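Worksheet: the structure to be examined is printed underneath.
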Amino acid sequence: MFQLLWTVDRWMIRGVRVAADDPVLLFDSTCVMCSRLVPWIIGHESDQRLHFAALQSDVAVRELRGCGVTDIDFETMYVIEDGRCYTRSDAVAQVGRHLRWPWRVVAATAVAPVALRDRLYRFVARNRYRWSGTRVECDVPTLSVRQRFLT
């Protein structure tokens, strides 16, 4: 019953209504690589439907609990869409479905074996801090983009 209500009527975040079918990308906001990836995605989206939230936020905890995830893996990107929670390389492929051509080919990675895709994903995830570093502060997006961030 709770799951049904959650998918039909999502919560209100700072006056921005998030529709039940709007996808949400949860990312590690302390990771420079991850934080730079988000504006890149925004600039290459075809449908401007993705919303974003830091894995370290209360929003992420609520979103993931709504999908049955209680133990958050901070080395994983999550995409919640159509009542499903995608992780690791599946999340990357899901994001690819929202990108403009030629970047949409990222979605085609879903045809590769999951074990292979996730091995590559975990390699990048394990090394991302060493390659790009960490940070404490986030960039301040423009007002139009800020509305797509859930806080």
Side-chain angles (χ1 to χ4, degrees), residues 6 10-14 16 18-19 21-151:
W6 181 85
R10 238 166 167 179
W11 28 263
M12 180 103 82
I13 303 292
R14 290 197 183 183
V16 177
V18 181
D21 60 344
D22 280 346
V24 178
L25 185 145
L26 305 174
F27 67 99
D28 180 2
S29 63
T30 63
C31 169
V32 172
M33 181 186 298
C34 305
S35 295
R36 287 184 178 159
L37 181 62
V38 170
W40 185 90
I41 291 169
I42 290 169
H44 293 87
E45 267 184 292
S46 62
D47 54 12
Q48 285 80 42
R49 287 187 51 226
L50 282 169
H51 286 80
F52 305 88
L55 274 174
Q56 295 81 357
S57 69
D58 292 338
V59 171
V61 172
R62 282 194 303 262
E63 283 287 317
L64 291 170
R65 280 188 184 152
C67 288
V69 176
T70 56
D71 193 21
I72 299 174
D73 179 1
F74 290 95
E75 286 194 353
T76 300
M77 178 174 71
Y78 296 88
V79 173
I80 300 171
E81 186 170 12
D82 297 328
R84 292 194 57 201
C85 183
Y86 300 89
T87 60
R88 291 184 282 288
S89 62
D90 287 334
V92 172
Q94 199 64 19
V95 167
R97 297 179 61 209
H98 295 278
L99 299 177
R100 290 189 310 261
W101 182 256
W103 304 108
R104 189 171 289 229
V105 299
V106 170
T109 61
V111 300
V114 175
L116 180 65
R117 289 186 284 132
D118 280 350
R119 183 176 297 163
L120 177 62
Y121 184 93
R122 284 187 182 108
F123 175 76
V124 172
R126 275 193 316 270
N127 292 290
R128 72 191 192 280
Y129 291 148
R130 187 165 24 129
W131 294 339
S132 66
T134 61
R135 65 180 180 191
V136 180
E137 302 169 352
C138 294
D139 295 333
V140 178
T142 63
L143 181 59
S144 63
V145 171
R146 196 176 318 151
Q147 293 175 358
R148 296 176 54 202
F149 282 79
L150 309 178
T151 57

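Since the structure is predicted, the reported quantities are computational estimates derived from the model, not experimental observations.
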Got [X] and [Y] here, is their nearest side-chain heavy-atom distance under 4.5 Å?
X: Phe27; Y: Leu37; value: no
X: Tyr78; Y: Asp73; value: yes
X: Ile41; Y: Phe52; value: yes
X: Leu99; Y: Trp40; value: yes
X: Val79; Y: Val95; value: yes

Name the one of Asp22, Leu25, Val69, Leu64 that satisfies side chain to side chain contact (heavy atoms under 4.5 Å, CB included) with Ile80?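 It is Leu64, the one option of Asp22, Leu25, Val69, Leu64 that forms the side chain to side chain contact (heavy atoms under 4.5 Å, CB included) with Ile80.
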Nearest heavy atoms of [X] and [Y], plus distance in Å:
X: Arg100; Y: Gly43; result: NH2-O, 2.9 Å
X: Thr134; Y: Tyr129; result: CG2-CD2, 3.2 Å
X: Ser57; Y: Ala54; result: OG-O, 2.6 Å
X: Val61; Y: Ile72; result: CG2-CD1, 3.9 Å

Sequence neighbours excluded - side-chain hydrogen bond (donor to acceptor under 3.5 Å, both in side chains) pairs with any residue from residues 103-116: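 Applying side-chain hydrogen bond (donor to acceptor under 3.5 Å, both in side chains) to every pair that reaches into residues 103-116, excluding sequence neighbours, yields Ser46-Arg104.
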Show your working on side-chain contact (heavy atoms from CB on, under 4.5 Å) between Glu75 and Arg126 and close with a plain yes or no. CA-CA 7 Å; Glu75 286 194 353; Arg126 275 193 316 270; 4.0 Å; yes
What do you reckon, is CZ of Arg49 surrounded by more than 12 foreign heavy atoms closer than 6.0 Å?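 Yes.
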Can you confirm whether Arg128 is buried at CZ, in the sense that more than 12 heavy atoms of other residues, nucleotides or ligands lie under 6.0 Å from that atom?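 More than 12 heavy atoms, drawn from other residues, nucleotides or ligands, come within 6.0 Å of this atom.
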Any ring pair (Phe, Tyr, Trp, His ring centres under 6.0 Å) pairs touching residues 81-101, not counting sequence neighbours?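 Those involving residues 81-101 do not exist here.
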Interatomic spacing from [atom1] in [X] to [atom2] in [Y] - rounded to 0.5 Å:
X: Leu26; Y: His51; atom1: CG; atom2: NE2; result: 12.5 Å
X: Cys67; Y: Arg62; atom1: SG; atom2: CZ; result: 13.5 Å
X: Asp28; Y: Met77; atom1: CG; atom2: CE; result: 11.5 Å

Return the set of residues passing side chain to side chain donor-acceptor pair (under 3.5 Å) with Thr87 (not counting sequence neighbours), or none when no residue passes.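 Scan of Thr87 (side chain to side chain donor-acceptor pair (under 3.5 Å), adjacent residues dropped) gives none.
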I'd like to check the side chain to side chain donor-acceptor pair (under 3.5 Å) partners of Asp58; sequence neighbours left out, ordered by chain and number.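 For Asp58 there are no side chain to side chain donor-acceptor pair (under 3.5 Å) partners, ignoring immediate neighbours.
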Which salt bridge (charged side-chain N to carboxylate O under 4.0 Å, His left out) pairs, counting each pair once, include a residue from residues 83-96, with sequence neighbours left out?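 As it turns out, the salt bridge (charged side-chain N to carboxylate O under 4.0 Å, His left out) pairs with a partner in residues 83-96, which skip direct neighbours, are Arg88-Asp118, Asp90-Arg117.
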List in chain and number order the residues that pass salt bridge (Lys or Arg N to Asp or Glu O under 4.0 Å) with Glu45, two or more places apart in sequence or in another chain; answer none if no residue qualifies.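 Partners of Glu45 under the salt bridge (Lys or Arg N to Asp or Glu O under 4.0 Å) test: Arg148.
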